[in-house]
Each structure stands twice: as C-alpha cells, then as structure tokens.
Protein chains: 2
Amino acid sequence: MTKPMLQVALDTKDLPSALKVASQVSDVVDVVEAGTILIYEEGLKAVRSLRAIAPDKIVLADTKTADAGGSVGAECRKAGADWMTCINAATIPTMKSAQEQIEVQVELYGNWTEELAKQWLDAGIDQVVYHQSRDAKFAGQTWGEKDLNEVKKLIDMGFKVSVTGGVKPEILKLFKGVDVYTFIAGRAIHGADDPNAAALEFKNEINRIWK
Amino acid sequence: MTKPMLQVALDTKDLPSALKVASQVSDVVDVVEAGTILIYEEGLKAVRSLRAIAPDKIVLADTKTADAGGSVGAECRKAGADWMTCINAATIPTMKSAQEQIEVQVELYGNWTEELAKQWLDAGIDQVVYHQSRDAKFAGQTWGEKDLNEVKKLIDMGFKVSVTGGVKPEILKLFKGVDVYTFIAGRAIHGADDPNAAALEFKNEINRIWK
C-alpha cells in the first residue's frame with residue numbers, strides 16, 4: 001500500500017496570502033494547489049508563482065474546467081502546473097483534450113455514474129477527487145461509511161483517488177487500510193495559527209497510519 | 001422586434017491585446033467580453049480593466065463556470081462584470097447561486113435538453129448562448145436550418161439568445177426575422193486589420209436587417 005500524499009489547497013483570494021502559506025508548508029506537503037478563486041483573481045500568475053517557490057513539488061491548478069480543455073490545459077502546463085482539474089460534468093472530448101496537455105483530475109461533484117467513470121479511464125484519465133457528500137457536510141457529519149465505500153469503489157476501478165472536504169488530522173484514521181492517493185486540506189492548514197505545524201500534524205498522522 | 005446587440009469576444013491571451021481592441025471598438029459594440037483564456041491568464045484584472053475603459057457598456061466575464069457559482073459570481077460582480085457564463089453542464093444549484101450574485105448566461109455546449117432548459121428558466125436564468133453546432137463547423141458549413149430552428153425554439157421558450165461561432169457580417173441575414181439578443185464576434189473583429197471598421201460592418205448589417 002502506497003502512503004497517501006498531502007495536498008494543501010491554497011483557496012485564498014489573493015496571491016500574497018497563498019504564497020505566505022505555501023512558503024510555510026512547502027517542505028511538508030507533496031502537492032501545492034492553486035485554488036479556483038485564487039486563479040480567477042490572479043490568473044495563472046498564481047500557478048507560476050507557486051511553481052517558483054515550490055520547484056520540486058507537484059503543483060495543481062484547480063481550474064474546475066468544463067470547456068476549452070485543450071487551451072486551458074496548455075496554458076496551465078506552460079504556467080508550470082503538473083495537474084489540472086476538470087469538473088465531472090465536462091464532456092469526454094473536453095477532458096481528453098485537456099489530458100493531452102496535462103494530467104487531469106476529475107472533480108466529483110453532483111451526479112456521476114460508474115459508467116461515466118469508465119469512460120474517463122478509457123480516455124486515459126486515472127485521477128479523481130472525491131468530495132465528502134454535501135448531505136453529510138450540511139448535516140454536520142464527518143466522513144461516513146457511504147463516502148468510504150464510494151472511495152473504495154473508485155480505487156477498485158483503477159483510479160488514484162484524492163479526498164477532500166472537511167479533512168482534518170483526526171479523520172484520517174477512518175481511511176486506514178484504504179489506498180487513498182492524496183488527502184487535500186484547505187482551511188485546516190492555511191487557516192491554522194501555525195500552518196507548518198498543522199501540515200506536520202497531518203503528515204505525522206499519515207505516517208502513523210500508513211506504515 | 002428588438003434590434004440584436006453586438007458583442008466583441010476578447011479571447012486574446014494577454015491583457016494589452018484585449019485592451020487595444022476594446023479601445024478601438026467600444027464606441028461601436030454593446031457588450032465587451034473578457035474571454036475564458038484571457039481571464040485564466042490575467043485573472044479578474046481583465047474584467048476590471050475592461051470595465052475601466054468601457055464604463056457604459058455591458059461587460060461579460062466568460063468564466064464558463066461549472067462549480068462554486070456563488071463565489072465566482074460574487075468575484076465577477078465585484079470586478080465590474082454585468083454578466084457571467086455558466087456551462088450548461090453545471091448543476092442547477094451552481095447556476096442559482098451564481099444568478100444570486102450576477103446575471104448568468106448559460107453556454108450551450110454538448111448535450112442539453114428542453115427539460116433542463118426549463119429548469120434554468122425556473123431558476124430565474126433567461127439568457128443562453130447558442131454555439132454553431134460543431135458538426136457543422138467541422139464540416140466547414142455555415143449556420144444552417146438546424147441551428148436556426150434551435151435558436152428559434154429557445155427564443156419561443158422565453159430565452160434571450162446570444163449567438164456565436166463563425167459569426168461574420170454575411171451570415172447575419174440568415175437570422176432575418178429572428179429575435180436574436182446578441183451576436184458575438186471574436187476573431188472576425190479582433191483579428192481584423194481594422195477592428196473598428198470590422199465592428200461597424202457588423203453594426204451596419206444589423207441596422208440594415210433589423211429595422
């Protein structure tokens with residue numbers, strides 16, 4: 001079993017805030033994410049800047065692309081991103097043209113089916129991002145059996161599954177024995193008084209559970 | 001019958017190129033569009049800049065949003081946009097939360113149904129962007145009967161329909177008698193030797209056909 005990676009989601013509204021956190025945690029995390037709103041606010045300069053200060057980390061552009069996949073993918077790649085996201089509602093041709101430019105993660109929001117997921121695999125896309133179900137989130141619940149089963153199903157299908165939504169160090173043990181690709185933490189890291197310590201807490205828990 | 005408006009799609013890759021064309025045509029066009037790639041490259045600074053140089057025009061942020069509609073909508077509005085786009089594949093809650101912040105246009109790409117379109121109307125969204133069918137485009141054809149019928153159907157349903165894809169002055173007459181809301185031209189204006197003259201050619205043709 002591979003050890004899950006740790007991703008910091010820099011979903012701040014301005015570049016200096018994102019860069020501050022990135023510089024504090026880039027020695028701990030494996031993946032540095034330029035958040036959707038950050039990219040809208042600052043453009044792909046956000047990706048270029050993160051690539052500049054985290055040269056040996058994976059940089060993700062969370063564009064949530066639904067159209068013009070080839071153009072957006074090419075621009076993200078040129079800006080220094082390793083991965084970009086497409087929304088699950090994007091068409092297969094959009095995802096395929098993005099995947100030709102850069103490694104694509106499909107973000108699972110709203111409705112999707114196993115049949116559709118097979119089409120992503122056929123298109124050469126093997127990364128998905130699983131969000132904690134909104135129902136659970138709105139009900140104030142943590143990760144439950146249903147979410148875990150969905151994650152396991154996707155892994156069994158052959159996907160590398162990243163996990164996001166209410167991810168805190170204390171929930172990681174729920175995933176013990178599950179081959180999670182990456183845990184994505186946003187506010188739990190960038191909203192902490194000490195982002196470096198917060199990231200280390202995640203990393204230590206990952207190292208403890210996935211030996 | 002209302003006279004169709006003219007929109008320039010500034011789908012350039014950098015802000016100076018977009019601003020140059022905008023300043024050349026803003027006295028002629030009704031709507032100034034910050035293109036998807038331009039926004040990715042430059043961030044919402046692109047929208048702020050277009051708003052600054054075209055204070056009395058409609059400014060559209062072509063974000064093609066599929067998620068986080070409320071946040072993206074709020075940021076676009078604050079940047080000075082009047083309208084933003086959502087992709088037709090976005091969920092109704094995404095569109096609704098965007099529409100609470102700013103006027104939304106649904107971009108019709110790939111599969112959509114009349115039943116779905118009714119849900120957009122129910123969500124308070126009455127603008128759609130109709131793209132020339134890709135099949136027709138790839139076959140090197142111009143706007144045909146099928147496209148015209150789709151546009152008419154959407155207008156009959158109660159939508160304000162903007163029309164894009166291979167829009168040139170000589171095709172406008174095909175739409176005679178059709179209550180098109182806006183004609184969107186990109187390269188036909190910004191790629192012209194004289195963008196102002198190109199925009200005027202569109203405008204004169206609109207004035208000639210829709211008296």
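Proteins come first, then strands; the chains are lettered A, B, ... in the order of their sequence lines, and each starts at number 1.
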Query - More than 12 heavy atoms of other groups within 6.0 Å of E115(A) CD - result: no
Query raised in the report: Between A66(B) and A66(A), what is the shortest heavy-atom contact and its length?
Result: CB-CB, 3.7 Å
Requested in this report: Identify the residues of residues 18-41 of chain A whose heavy atoms come closer than 4.5 Å to a heavy atom of chain B, ordered by number, or report 'none'.
Outcome: I37(A), I39(A), Y40(A), E41(A)
Query raised in the report: Would you say K168(B) has more than 12 foreign heavy atoms packed within less than 6.0 Å of its NZ?
Result: no
Report summary line: Taking a cut-off of under 4.5 angstrom between non-hydrogen atoms, the residues of residues 45-64 of chain B near chain A are K45(B), R48(B), T63(B), K64(B)
Report task. Would you indicate whether K96(B), at its atom NZ, is surrounded by more than 12 heavy atoms from other residues, nucleotides or ligands within a distance under 6.0 Å? Result -> no
**Report entry** Interatomic distance, T91(B) atom OG1 to I87(A) atom CD1 [nearest 0.5 angstrom]
**Finding:** 8.0 Å
Query raised in the report: Atom CG of D11(A) and atom OG of S71(B): how far apart are they, to the nearest 0.5 Å?
Result: 9.5 Å
